[in-house]
**Student:** 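My questions will all concern the structure given below.
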Amino acid sequence: MRRIPPEMFRFTTGEKSDLNGAVLEAFGVAGEHLETALGPDGVRERMRAAGWIADIEDEELHDALKRLVRWELLDVVHNHAENYRTAEEYERRNLQYSLTRRGEAALAGVRHALEVLASTGALQTAVLEAIADRLDELSVLSGEPASADRRIFSTLRELEGHLEALVENTKAFNGQLQRLLRAEGADLEVFREVKAATVAYLQEFLVNLDRRGQAVAAAVIRVEEQGIAVLRERALRGAELPPTTGGDPAAGWLDSRRARWAGLKAWFLPDDGARARIEQLHDIARRAIVSLLQVLERINESRRRSSSAVQDFRELARWFAAAPAEEDLHRLWSAAFGLGPARHAHLAHPDPELIPSSHSWAEAPPVAVSVLLRTSGRTERFTRTAKVRDVAAVRAERAERARAERAELARAWQALETNGPVRLSSFGDLDRAAFDRLLDLVGRALSARPDAQGLRRAMTGDGRVEVTLSPPLDERTAVLHTSKGELTGPDYVVRITAVGGANAFPVIGAAPQEVAG
């Protein structure tokens, strides 16, 4: 980072900072009128033109000029070309002052700082359109003869000016936006209106922002295809730079143009694969809209409430201020915040007689406080053990439910048992339990691999019931009716048997035990 020359901005501090700034501003005003040197009388005149209305003595003005010369902001020369009639006139008009290079930079820096303080950032879609227009114009001018060099120079500088305006305004607006997100306005109504207007402003800016950014990126590609290096060389010829004593200014001018072009590509078409800054601006704007809407929602919510904690505390503060005596303050505090005896105040030492009542609490030994009291604020309570619940009724209810389920299962197996292979359509109408069991058996069989004869075999989870499924002998369709609806499918040949014989199936009214399924 380049180091700022010492004492360059010293004129802005100290007791005479206003006078020093006014004198330097006088030279800036003179420079706008193409006057490069001023005497004390000219400085006084230009100070009045710059807005200095206070009287100033000659000695005070000379001291200010000497300080600026000492800080290398002004040069002083002797004007021997004039004819002086008196010695007093020689003293007044002999010395001529002019801005040094450092003085010009210091004055420009102060002016820019004041402009930044007074300005507000903006998001202007017109700037994006102007950048795209200047890029398209450069693309057209690159194909014209050498007579267009001056137009290329002016168009390139306009493009850089629009880019600089975009960057500066965006930075300023982003800083202002972040301060707005953190700020808490004193006037709630004005604060709400500002944030609502900002949301509308951001939403308007985001309309077609992607399209505008892509248009600028496409224009950058077209210019680079024409040859950006050749375009800069032609702009250099059109700039007609004056000669300088420090060397050829062309190299520095071209370096500056390359840096500006790299900044343009960083915003719309970065080379390193990073996200374009215009996309980052898009994300920032959208996040700001969400944050502002959340703040507005909280503001509206607080407006809908009949009271708020802030208002309550302010009213309580007024009561404290109006309390006539200290005792009233204590009573008000106790009533407002519920301060009563401490939760552990009821605890005592194992032998309280050993600790006299006049003993200070700070010197007395500590009293053990239980973990429950410290963590939850509740004290232990030792009560009688609760009665054991009588579960006889619950056991009877569960036994009755098991018997009913077993009876239902037994009826389902009796309805499904076959003496041999039968058609699936032979089952006809089935109740819900039998239909669920049949559907489960058929599904198990279909998921098994067929054997060499084409039969599919499967068993229930407990291994007590086996189902054999043969492919249908013809293209007939089986329709099974149940309370849930109808099941239609191929008319398979089904055989359902008990693996352990007839006793493998549950019997209605038998004692509860594990059943198939």
Side-chain angles (χ1 to χ4, degrees), residues 13 15 17-18 114 116-121 172-203 287-383:
T13 59
E15 297 180 359
S17 59
D18 293 340
L114 294 176
V116 171
L117 290 175
S119 65
T120 57
F173 182 81
N174 188 38
Q176 179 183 352
L177 180 62
Q178 301 308 317
R179 288 189 291 271
L180 179 63
L181 292 175
R182 296 189 301 265
E184 294 294 337
D187 190 340
L188 194 61
E189 185 64 30
V190 175
F191 192 56
R192 176 178 176 275
E193 292 179 359
V194 169
K195 292 203 172 186
T198 304
V199 170
Y201 181 81
L202 289 171
Q203 291 174 338
R287 287 197 299 268
I289 289 176
V290 174
S291 300
L292 288 172
L293 290 177
Q294 291 174 347
V295 173
L296 288 174
E297 184 178 359
R298 289 196 298 269
I299 292 176
N300 293 333
E301 182 66 23
S302 65
R303 289 165 60 88
R304 287 193 295 266
R305 292 176 55 191
S306 58
S307 62
S308 65
V310 175
Q311 295 175 351
D312 294 341
F313 278 115
R314 287 175 178 172
E315 184 64 26
L316 184 60
R318 297 189 188 97
W319 292 354
F320 274 103
E326 184 175 357
E327 296 180 355
D328 299 321
L329 292 174
H330 288 291
R331 286 197 298 270
L332 180 59
W333 177 276
S334 179
F337 299 101
L339 292 180
R343 293 176 297 185
H344 62 277
H346 65 282
L347 301 178
H349 292 279
D351 192 354
E353 296 181 356
L354 298 178
I355 309 298
S357 58
S358 60
H359 205 65
S360 173
W361 65 269
E363 300 175 358
V367 178
V369 180
S370 67
V371 177
L372 180 64
L373 182 60
R374 290 198 307 269
T375 56
S376 63
R378 293 181 290 108
T379 58
E380 296 88 346
R381 293 185 179 181
F382 301 98
T383 58

**Student:** Taking salt bridge (charged side-chain N to carboxylate O under 4.0 Å, His left out) as the test, write out the residues that go with Glu326, two or more places apart.
**Tutor:**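 Testing Glu326 for salt bridge (charged side-chain N to carboxylate O under 4.0 Å, His left out), a comparison that skips the adjacent residues, returns none.
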**Student:** Using the test side chain to side chain donor-acceptor pair (under 3.5 Å), find all partners of Glu327 that sit at least two apart in sequence or belong to another chain.
**Tutor:**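 Partners of Glu327 under the side chain to side chain donor-acceptor pair (under 3.5 Å) test: none.
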**Student:** Using side chain to side chain donor-acceptor pair (under 3.5 Å) as the criterion, list what pairs up with Asp18, not counting sequence neighbours.
**Tutor:**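 Result, side chain to side chain donor-acceptor pair (under 3.5 Å) vs Asp18: none returned.
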**Student:** Can you sort out the partners of Arg314 under salt bridge (charged side-chain N to carboxylate O under 4.0 Å, His left out), two or more places apart, ordered by chain and number?
**Tutor:**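 So Arg314 forms no salt bridge (charged side-chain N to carboxylate O under 4.0 Å, His left out) with any residue.
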**Student:** With sequence neighbours excluded, what pairs up with Pro324 under the side chain to side chain contact (heavy atoms under 4.5 Å, CB included) test?
**Tutor:**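 Pro324 satisfies side chain to side chain contact (heavy atoms under 4.5 Å, CB included) with Asp328 only.
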